[in-house]
There are 2 protein chains.
Amino acid sequence: MSDIELIIERIELRGHRITEGRRRVIQAVLKQPSHFTVEDVLQSTRRVGRATVFRTMRLLLDLNIVCRVLLDGGNLHYRISSRGHHHHLVCNDCGRVEDFTGCDVEPLVQALAAAMKYEIDGHWLEVYGRCEACRLLRSGRPESQTTQVLSQ
Amino acid sequence: MSDIELIIERIELRGHRITEGRRRVIQAVLKQPSHFTVEDVLQSTRRVGRATVFRTMRLLLDLNIVCRVLLDGGNLHYRISSRGHHHHLVCNDCGRVEDFTGCDVEPLVQALAAAMKYEIDGHWLEVYGRCEACRLLRSGRPESQTTQVLSQ
DNA sequence: CATAGTATTGACACCAAGTCTCAATGTCAA
DNA sequence: TTGACATTGAGACTTGGTGTCAATACTATG
């Protein structure tokens, strides 16, 4: 079963209708690179209204078919979601994003909950840096500009 | 020395000029509650242009005098920054925000860096939940609506 | 298969947050 | 005091997203 059919099925299971517009948006999303904006999706879906594209993206977000990445600098982009809870490791030079789950934040969050007497619902973690390829590239081109770190 | 004078001094040290507009924006920022939008600041600074308010906020952000909080749901708000690197614990019910630093993410980030062969610049962590006061309130009013967790 | 009920769409106006331009003005070092 | 130049304000523009409402398309059902 193809990716698009799997997604269609999940949408049906939630009681939503399958329309040509939704199919087109999903197809466009599946064609995007590592991360993208709704604008990118709009540009590759002809014959689908702007509002419908935004509405479909929200639907995909609700169904955890896509997630959002907070880029260094503060822009929120979309990304096809790996299954379940995960975080992102973002290369500030080439923009590639890797998902990770292994590095578990839960103990920290639990300790925090106890200390602050909060009941915790969830958390958001993004890590920024430079991937191996970009690091090697950079050592050859020392004048490459640095980016500002959002999380100070 | 008052808060505003301290901030003014930091701006001067960076070689920026002190203007009436900047003074007004800083004063407005200092009067804001826990977190706020630029719109909130705009509304309490008469006689200062919109662009200037945004420009001053960016300056304050660069100087780490304010930071940004990613609220559950995806809105970025501003907040007066506690000194240095920290994270936020956000109550989804009443909106209060607490800073925390004690809960150290560095070891996790270092392990991740090694595993993924990334050079790490920084990270961003927000934790969402319900503060003690809201929890007690809620147990008396079980119909209170739940909010969606952004970071799933 | 026909159809009715209702979910969805598209066009468009609107909103929120932020940037850009450029002539006019303000700041401050000399 | 003045000159260099940093900063401002007004307003147009951009980007990302929502709300409205009549028209259309799905799909469960008969």
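Order of the sequence lines sets the chain letters (A, B, ...), proteins ahead of strands, with each chain counted from 1.
Checking side-chain atoms of A:Arg10 against main-chain N and O of A:Leu63 turns up a donor-acceptor pair under 3.5 Å. Checked by atom type and distance alone, the side chain of B:Arg22 pairs as donor or acceptor with a backbone atom of B:Arg17 at under 3.5 Å. The main-chain N or O of B:Ser34 is never found under 3.5 Å from a side-chain atom of B:His77 such that the two would form a donor-acceptor pair. Without hydrogens or angle criteria, A:Glu126 side chain to A:Leu70 main chain gives a donor-acceptor distance under 3.5 Å. A donor-acceptor pair under 3.5 Å is absent between the side-chain atoms of B:Arg130 and the main chain of B:Leu136, judged by distance alone.
B:Met57 has its CE atom 12 Å from the P atom of C:dA17, to the nearest Å. At whole-Å resolution of the value, CG in B:Leu42 and C1' in D:dA10 are 14 Å apart. Per the geometry, CD1 belonging to A:Ile8 stands 13 Å off P belonging to C:dT8, to the nearest Å.
For the pair B:Tyr78 and C:dA17, the criterion of a side-chain N or O lying under 4.0 Å from OP1 or OP2 is not met.
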List, with names and distances, any nitrogen or oxygen atoms from the protein found under 3.5 Å away from nitrogen or oxygen atoms belonging to nucleotides 28-30 of chain C.
residue : atom : partner : partner atom : Å
C:dC28  : OP1  : B:Ile18 : N            : 3.1

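When heavy atoms are screened at a 4.0 angstrom cut-off, A:Arg58 is found touching the sugar-phosphate backbone but no base atom. Within the 4.0 angstrom heavy-atom criterion, only backbone atoms of the sugar-phosphate kind lie near A:Arg22; the bases stay farther away.
For A:Arg47 against C:dG10, a side-chain-to-base donor-acceptor contact under 3.5 Å is absent. Judged by atom type and distance alone, A:Arg50 does not reach the base of C:dG10 through any side-chain donor-acceptor pair under 3.5 Å.
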Next item on the list: Kindly indicate, with the supporting measurements, whether the criterion ring pair (Phe, Tyr, Trp, His ring centres under 6.0 Å) is fulfilled by B:His123 and B:His85.
Entry: CA-CA 10 Å; B:His123 58 270; B:His85 181 74; 4.7 Å; yes

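In the set C:dT9, D:dG9, D:dG16, the nucleotide with an atom closest to the side chain of B:Thr52 is D:dG9. Out of D:dG9, C:dA17, C:dT9, the shortest distance to the side chain of B:Glu39 is found at C:dA17.
Nearest-nucleotide positions on DNA chain C for B:Ala51 and A:Arg24 put A:Arg24 closer to the 5' end.
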